[in-house]
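Written out below as structure tokens is the structure these notes cover.
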Amino acid sequence: QVQLVESGGGLVQAGGSLRLSCAASGRTFSSNAMAWFRQAPGKEREFVTGINSSGASTYYADSVKGRFTISRDNAKNTMYLQMNSLKPEDTAVYYCAAAPRRYISMGRDDYTYWGQGTQVTVSS
């Protein structure tokens, strides 16, 4: 069983930065691929970025490539999302997710464990 808790969301102006954290409980964190998804009002939950279990491999949606950076610290059971050059269209609830596999997947159904979400609002 893995429990995930996100933090770090908030209100920021366009062009600003935020850093999200996802703290995980459980002894399998270092065996889990992790990802960030987001869901804007009236839209489907979408993949933002993922990282494999060791942290050596990452993948980004085109919409955030070059602006967002995912990382993880397996010693601290924590994953991070550094978001720079934020845009109003980045406004959403951001969720962290863990998969019972080592390799990144973009599919929501591959992720078994989800956090409660943290709101990110970018004003223009």
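Under the rule for a ring-ring contact (aromatic ring centres under 6.0 Å, His included), Tyr95 has no partner lying at least two apart in sequence or in another chain. Residues passing the salt bridge (Lys or Arg N to Asp or Glu O under 4.0 Å) test with Arg101 are Asp110, sequence neighbours excluded.
Looking at Asp90 and Lys87, no side-chain N of the basic residue comes within less than 4.0 Å of a carboxylate O on the acidic one, giving no salt bridge.
Taking all atoms of both residues into account, the shortest heavy-atom contact from Met34 to Ala98 is SD-CB, 3.4 Å. Of all the heavy atoms in Gly107 and Ser105, the pair that sits closest is N-OG, 3.1 Å.
A single hydrophobic cluster is not seen to contain both Phe29 and Tyr80; linkage of ILVMFWY side chains at heavy-atom distances under 4.5 Å, directly or through other members, places them apart. In this structure, Ile104 is not a member of the same hydrophobic cluster as Tyr113, with clusters built from ILVMFWY side-chain heavy atoms closer than 4.5 Å. The hydrophobic clustering, which links ILVMFWY residues whose side-chain heavy atoms are closer than 4.5 Å, places Ile70 and Val93 apart. Hydrophobic clustering keeps Tyr111 apart from Val2 (ILVMFWY residues linked when any side-chain heavy atoms are closer than 4.5 Å, directly or through intermediates).
A donor-acceptor pair is defined here as one N or O able to donate and one able to accept, closer than 3.5 Å; no such pair exists between the side chain of Ser53 and the backbone of Ala33. The main-chain N or O of Ala56 is found under 3.5 Å from a side-chain atom of Asn52 such that the two form a donor-acceptor pair. Here the side chain of Gln82 pairs no donor or acceptor atom with the backbone of Arg19 at under 3.5 angstrom. Between the side chain of Asp73 and the backbone N or O of Ala75, at least one donor-acceptor pair lies under 3.5 Å.
Under the disulfide (SG to SG under 2.5 Å) criterion, the residue pairs touching residues 59-115 are Cys22-Cys96, with sequence neighbours excluded.
Cation-pi check for Arg108 over Trp114 is not met; the charged atom does not lie both under 6.0 angstrom from the ring centroid and within 45 degrees of its normal. Under a cutoff of 6.0 Å and an axis angle of 45°, Arg67 and Tyr60 do not form a cation-pi pair.
Residues Pro88 and Gln13 fail the side-chain proximity criterion, which asks for heavy atoms closer than 4.5 Å. For the pair Glu89 and Val122, the minimum side-chain heavy-atom distance is 4.5 Å or more.
Aromatic ring orientation, Phe37 versus Phe47: perpendicular (interplanar angle above 60°, classes split at 30° and 60°).
Applying side-chain contact (heavy atoms from CB on, under 4.5 Å) to Thr118 and the options Val5, Leu81, Leu20, Leu18 leaves one that passes, Leu20.
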